[in-house]
Amino acid sequence: MFCSPAILGLLAFTLYPALASLYYSFCNYPMLKPPVWVGTANYRTLFHDPVFYKSLSNTAYYAVFATPLGMIVAFLLALLLNQKVKGLAVFRTMFFVPSIVPMVAGSVLWLWLLNPQYGLINTLLRSVGFPEPGWMADPAWAKPALIVMSAWGIGGWMLVYLAGLQDVPRDLYEAAEIDGANLLQRARHITIPFMSPHLFFTLVMGFIGAAQYFTQAYVMTNGMGGPVDSTKFFSLYLFQNAFQYWKMGYACAMAWILFIVILLFTLLLFKTSARYVYYGGER
Amino acid sequence: MAASVNAGMPAGSRARLRKRALRGATYAALVILGTAFTLPFFWLLSTSFKPADRIQHWPPDIIPMRQVTTNIDGEIRRVYSVKRPAGARAVPAVTIIKRLPGNRAVVYPAGRGFTVRPATVNADDLEPVVKPGITWSNYTRGLVFIPFFRQLRNTLIISVVSVLGTLISCSLVAYGLSRIEWRGRNTLFLVLLSVMMLPYQVVMAPLFAVFVKLGWVDTFLPLTVPTFFGNVFFIFLLRQFFMTIPRDLSEAAKLDGCSEFDIYRRVILPLAKPALAMVGLWTFMGAWNDFLGPLIYLVDEANYTLSLGLAMFLGQYGSEYGMLMAVSTVVTIPIIVLFFFTQRTFIQGITLTGIKG
């Protein structure tokens, strides 16, 4: 009886829509008319759709750069904060607060910071004589712009790492120091292994998040994914198909491909994780 | 202590020196990175308080500036200075009386003492005279431009109802999954867990079709009603928390004649306050920040949430940076205030899910 909301919710908001979605993915479904079975036509069209491949490669680009960059920045911040610094709370707040800024507000802010002519970032670059990228106005720089922006909102991962660092046994460092291990060796042989579950967790979350990256790209390009499709990420193209072109069947086919990609990727990461993730005494 | 570094120095003292250098480097890095992370906020606020004519000015004003004005015969006039070749006599501040064709302007001294006669100068040589000062017009105009208070109300309604729905449904389900034994319990739990993997995009289109049939599009219902049917992630979190509450408490309550619902309400919920606070906080933040949901379901501007309203405002008036920054500021501030009041819940929540997730 207590679980009835979950069972109802599961049926109404997940199971039924998931099955319907699978069915629609084999249909021509322009929303206003009822769905018509077309077999694998949607999938066949997808595999010949250049924009589909573009959106896949954009998403892969974002995932491959944004996730490791975020992990490195967050790890560096956590390491710095773990040095028993004075004013820890102040610094921690400074690094964390950007991550809770509403995504739309953050996107609007960064669009202004990245403005090629008047933005703060190019102003700073100009004053030290560096070249000034066009950022969101330049197809070559739009994705790097979004990746830089993503590193600003990495505070949550920093907290995850910080909590993990506090669990690394102190005496190991002392023992290593006595044995003459330098800073890098200690990081390589103590910190990284002990932190590997946290790093692994953020890696998985980062990839899943990147696969569904949508809001910032939508807001900053007014829903277009421009310039020249350079920020047309998978989820953005999916949304366009569903709610701008009203090709629901096509969008559902994309959604199932997305699900399968995420599933395979997560499985792959978990299968290989035994090799590089160290779970203390648990396993 | 102040000995120079040399080979004859005792090892302990050298290590101490190195440690001190490392500490210095740590603080330097923290200050540099802290500045880099804070600068965008500073720029957000600074821009939001600048008048339109100073926002796209080169070099940019670091703190908000505004043009000096003067009152001449009851009329407020902007004050300029006239650029002159180096070494020339300084010219007092002037105001523009009349613009002439060919980029010329007739100017008049702005100060008192009408000893200098009106002069005609090249308009390019006029430079606004500015002083630090805050301009509120971005806020007063921006908050009217989008129906801000209406959208704030919408956002609050959706967020608060979502929090209520999530807290009620998730705690009930988590209770059923953790404190009561029944057949099929573990199966349901496993099914719920596997559902966590399903991306929203998969169910997005069919759900939309359902809500269209129900006539719920452009109402808050598609955004709030599902929260009353549980959220797998939060159910999972609460279940883990409920499992840690000793069984003896339930047994004792049962002996006192409590029903399962009494136990849930009087024993478990009060003990689970920290976990519930965390779930409530996150649901609130999620609803406040949500963009995709409102984008799909809300059509009329009067029904928009703040996030959607801000995005639409950006789409229409992308170059009104002053107003955009003002609206972004007021959308962000409630969340930051909320963070400062609930910091501990927040940080515990993230580290907890980070490890258990």
Side-chain angles (χ1 to χ4, degrees), chain A residues 1-3 5-10 12-14 16-18 20-21 24 31 77 80 83 85 91 94-95 97-98 100-105 108-113 118 120 123 152 156 159-160 163 198 201 212 214-215 218-219 222 235 238 242-243 248 251-252 255-256 258-259 262-263 266, chain B residues 23 26-27 29-30 33-34 37-40 43-44 47 55-56 60 169 172-173 175-177 180 188 191-192 195 197-199 201-207 210 226 228-230 235 285 288-289 291-292 296 307 310-311 314-315 321 324-325 328 331-332 335-336 339 347 350-351 354-355 357:
Chain A
M1 196 195 70
F2 281 92
C3 290
I7 297 171
L8 277 177
L10 196 66
F13 298 117
T14 308
Y16 162 72
S21 162
Y24 293 159
M31 203 52 221
L77 294 177
L80 287 172
Q83 302 297 312
V85 288
F91 283 117
M94 273 179 168
F95 297 135
V97 165
I100 57 167
V101 169
M103 273 192 276
V104 175
V108 172
L109 168 60
W110 275 85
L111 207 51
W112 169 228
L113 293 173
Y118 306 106
L120 178 65
T123 299
W152 185 60
L159 290 185
V160 170
H198 302 85
F201 167 76
Q212 302 184 60
F214 173 79
T215 301
Y218 186 97
V219 172
N222 204 8
S235 293
L238 194 161
F243 296 106
M248 288 292 186
C252 286
W256 277 92
L258 176 71
F259 176 48
I262 291 180
L263 200 67
T266 315
Chain B
R23 263 194 112 53
T26 303
Y27 278 109
L30 278 174
L33 287 165
F37 271 71
T38 322
L39 212 53
W43 208 239
L44 169 77
T47 306
I55 286 174
Q56 305 197 338
S169 61
L172 275 174
V173 176
Y175 183 85
L177 284 176
I180 311 174
L188 179 65
V191 173
L192 282 177
V195 159
M197 288 293 297
L198 209 64
Q201 282 83 350
V202 169
V203 296
M204 184 169 81
L207 271 184
V210 169
F228 284 87
F229 293 90
I235 290 174
M285 297 262 307
W288 186 278
N289 294 342
F291 179 68
L292 183 56
I296 293 176
S307 278
L310 177 55
L314 174 73
Y321 281 112
L324 283 168
M325 292 305 118
S328 299
V331 172
T332 308
I335 294 295
I336 293 187
F339 165 72
I347 289 171
I350 287 178
T351 48
I355 296 159

4.5 Å side-chain heavy-atom contact, [X] and [Y]:
X: A:Ser21; Y: B:Val203; result: no
X: B:Leu198; Y: A:Phe259; result: yes
X: A:Ile100; Y: B:Thr332; result: no
X: A:Tyr118; Y: B:Tyr321; result: no
X: B:Ser307; Y: A:Met103; result: no
X: B:Val331; Y: B:Trp288; result: yes

CG on B:Leu39 to CG on B:Leu44, rounded to 0.5 Å: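 Between atom CG of B:Leu44 and atom CG of B:Leu39 there are 11.5 Å.
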Parallel, tilted or perpendicular: rings of B:Phe291 and A:Phe214 (30°, 60°):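 Tilted, since the angle between the ring planes falls between 30° and 60°.
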Whether A:Phe95 and A:Phe91 hold their rings parallel, tilted or perpendicular, with breakpoints at 30° and 60°: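 If you compare the ring of A:Phe95 with that of A:Phe91, the planes turn out parallel.
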Against chain B, label [X] side chain, backbone, both or neither, depending on which of its atoms sit under 4.5 Å from a heavy atom there.
X: A:Leu77; result: side chain
X: A:Phe243; result: side chain
X: A:Tyr24; result: side chain
X: A:Ala251; result: neither
X: A:Leu159; result: both

Using a cut-off of under 4.5 Å on heavy-atom pairs, state which of [options] scores highest against chain B.
options: A:Pro102, A:Pro98, A:Gly156, A:Ala255; answer: A:Pro102
options: A:Thr266, A:Thr14, A:Leu263, A:Ile262; answer: A:Thr14
options: A:Asn222, A:Leu113, A:Leu109, A:Leu238; answer: A:Leu109
options: A:Tyr218, A:Trp152, A:Trp112; answer: A:Trp112
options: A:Val108, A:Leu258, A:Leu111, A:Val101; answer: A:Val108

Given a strict heavy-atom distance threshold of 4.5 Å, which part of [X] is in contact with chain A: side chain, backbone, both, or neither?
X: B:Tyr27; value: side chain
X: B:Leu30; value: both
X: B:Leu314; value: side chain
X: B:Pro60; value: side chain

Verdict with reasoning, A:Thr123 to B:Trp43, per side-chain contact (heavy atoms from CB on, under 4.5 Å): CA-CA 12 Å; A:Thr123 299; B:Trp43 208 239; 5.9 Å; no
Top of B:Ile235, B:Val202, B:Ile335 for chain A proximity - count of heavy-atom pairs under 4.5 angstrom: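 With the most close heavy-atom pairs to chain A, the winner is B:Val202.
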Pick from B:Val210, B:Thr47, B:Val191 with the largest number of heavy-atom pairs that fall under 4.5 Å of chain A: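 Looking at each option in turn, the highest pair count goes to B:Thr47.
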